[in-house]
Amino acid sequence: MLSTCLANLREKSPLVHSITNFVTVNDCANLLLACGARPIMASDPQEAAEITAAADALNINIGTLNHLLVPAMLDAGRTANRLGIPVLLDPVGVGASSLRRQTVAQLLKELKLTAIRANASEIRAIARLEQAQPSGPSAGVDALPDDLVTKEQLGQNIKLARQLAEKLGCIIILTGPVDIVTDGKKAVCIYNGHPMMSRITGAGCQLSALTAAFLAANPDSPLDAAAAAVCTMGLCGQLAFERMKPGDGNASFRTYLIDAVFCMTPEQLQRGADYEIRQ
């Protein structure tokens, strides 16, 4: 399953259009190149839809949201929906401001999403939007400590992710110390990863871009594609940390992480992926 998804990605080299944040745009572009995909970034409303029409996937990230980006996101998303191109949403810090909440609510209302990749606090904020509940506490763009997905909290977070996936009709990718990928029925719990990944800016943004590439290359199996992306990123985080030597810091880790994605093989992914499936 996982090895086939990565092999398809390497073979097809999909073009991924990312409307993403300026903090991590370079790392996202380099990670896409590392995995075998081709990046393009276009956020002007005058060209976003046109660029999307030529792409194989659309990755929408609200990390550095401004009101000028919203029309571009909507136009690009509508074009992707019309052409059957997968759309991934990364609702960075959705609970942090009214602009982010309103934008995500509009994207959910007007677009058909293939997947949402978010931390537990962001998933809970989206669930409150869907239930028309008041916004809860926010930690900016990071998950609140009580929301981190640990083995002890796994059951309740699987339930939350499944409910939202079923309601929205898309894949939910809930990331944290343990990652959960679900289509509302089957849930894949993924144990790959390393705490060092939280010490660099943009690991989540890079995962969203990577997932969009996997979705583009495996259009008939979105759950498997999303799980393969998450396992790949987590395993590469482990391999990157293994390369760390005295004097290396988080900047070295970031480079090693992208290197690990570049060098990852389908066979290595199949051997190193650490996950379980819960029906």
Side-chain angles (χ1 to χ4, degrees), residues 1-9 16 31 35 57 59-61 86-92 94 108 112-127 143 147-151 153-194 197-198 203-238 261 264 266 269-270 272-279:
M1 173 188 78
L2 303 183
S3 61
T4 299
C5 289
L6 179 56
N8 288 341
L9 173 53
V16 178
L31 192 94
C35 77
N59 171 35
I60 298 175
N61 178 307
V87 181
L88 181 140
L89 173 64
D90 187 337
V92 179
V94 57
L108 293 175
K112 170 61 178 173
L113 300 175
T114 308
I116 297 173
R117 202 291 309 166
N119 65 41
S121 295
E122 291 159 350
I123 291 295
R124 293 186 192 284
I126 291 175
D147 283 341
L148 290 177
V149 184
T150 63
K151 291 183 178 180
Q153 300 168 314
L154 191 54
Q156 66 191 56
N157 282 290
I158 291 173
K159 181 179 179 181
L160 170 66
R162 275 179 163 155
Q163 288 175 339
L164 193 59
E166 186 174 9
K167 184 175 181 61
L168 296 178
C170 71
I171 304 297
I172 294 294
I173 305 159
L174 197 166
T175 54
V178 179
D179 303 309
I180 300 166
V181 181
T182 182
D183 58 2
K185 300 179 180 65
K186 184 164 67 174
V188 184
C189 302
I190 298 167
Y191 302 99
N192 290 111
H194 192 277
M197 298 175 78
S198 66
C205 299
Q206 292 175 66
L207 173 56
S208 293
L210 180 66
T211 304
F214 268 93
L215 291 170
N218 300 277
D220 297 327
S221 50
L223 181 67
D224 291 349
V230 176
C231 286
T232 297
M233 191 71 175
L235 179 57
C236 287
Q238 294 169 216
V261 173
M264 179 63 58
L269 174 60
Q270 196 67 42
D274 184 7
Y275 67 96
E276 64 170 318
I277 297 174
R278 298 196 183 187
Q279 302 290 344

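Counting begins at 1 with the first residue of the sequence. Note that these values count all heavy atoms, side chains included, but never hydrogens, waters or copies made by symmetry.
Not a single donor-acceptor pair under 3.5 Å links the side chain of D274 to the backbone N or O of N192. For the pair E122 (side chain) and N119 (backbone), a donor-acceptor distance under 3.5 Å is present. Put simply, the side chain of K112 gets close to the backbone of G169: a donor and an acceptor are under 3.5 Å apart. Looking at R162, its side chain does come within 3.5 Å of a backbone N or O of K185 through a donor-acceptor pair.
Side-chain contact between I126 and I116 is present, with heavy atoms from C-beta onward closer than 4.5 Å. Using a 4.5 Å heavy-atom cutoff, the side chains of L108 and L168 are in contact. Side-chain contact check for D183 versus P222: every heavy-atom pair is 4.5 Å or farther apart. Using a 4.5 Å cut-off on side-chain heavy atoms (C-beta onward), Y275 and V230 make no contact. Proximity of R124 to N157: side-chain heavy atoms (C-beta onward) are separated by under 4.5 Å at one or more points. Side-chain contact between L6 and F214 is present, with heavy atoms from C-beta onward closer than 4.5 Å. The closest side-chain heavy-atom distance from R278 to L154 is below 4.5 Å.
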Problem set entry | Verdict with reasoning, R117 to N61, per side-chain hydrogen bond (donor to acceptor under 3.5 Å, both in side chains) | CA-CA 10 Å; R117 202 291 309 166; N61 178 307; over 6 Å; no

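Minimum interatomic distance between A161 and I172 (heavy atoms only, all atoms of both residues): O-CG1, 3.8 Å. Shortest non-hydrogen contact noted between V181 and A227 is CG1-N, 4.0 Å. Scanning both residues, I171 and A226, for their nearest heavy atoms gives CG2-CB, 4.0 Å. Annotation for A127 and L164: closest pair CA-CD1, 4.3 Å, computed over non-hydrogen atoms. Summarising the geometry of L235 relative to M264, their closest heavy-atom pair is CD2-CE, 3.6 Å, with the distance given to 0.1 Å. Of all the heavy atoms in D90 and G204, the pair that sits closest is OD2-O, 3.8 Å.
When each of L88, L210, L89 is checked for a side-chain contact (heavy atoms from CB on, under 4.5 Å) with N59, only L88 meets the rule.
The SG atom of C231 sits 6.5 Å away from the CE atom of M1 when rounded to the nearest 0.5 Å. Put simply, CG on L174 and CD1 on I190 are 11.0 Å apart, with the number rounded to the nearest 0.5 Å. Here L9 contributes atom CG and L215 contributes atom CG; the two are 10.5 Å apart, rounded to the nearest 0.5 Å. Taking CG of L31 as the start and SG of C205 as the end, the distance is 11.0 Å to the nearest 0.5 Å.
Residues satisfying the side-chain contact (heavy atoms from CB on, under 4.5 Å) criterion with S221, sequence neighbours excluded, are N218, D224. The side-chain contact (heavy atoms from CB on, under 4.5 Å) test applied to P219 returns K12, not counting sequence neighbours.
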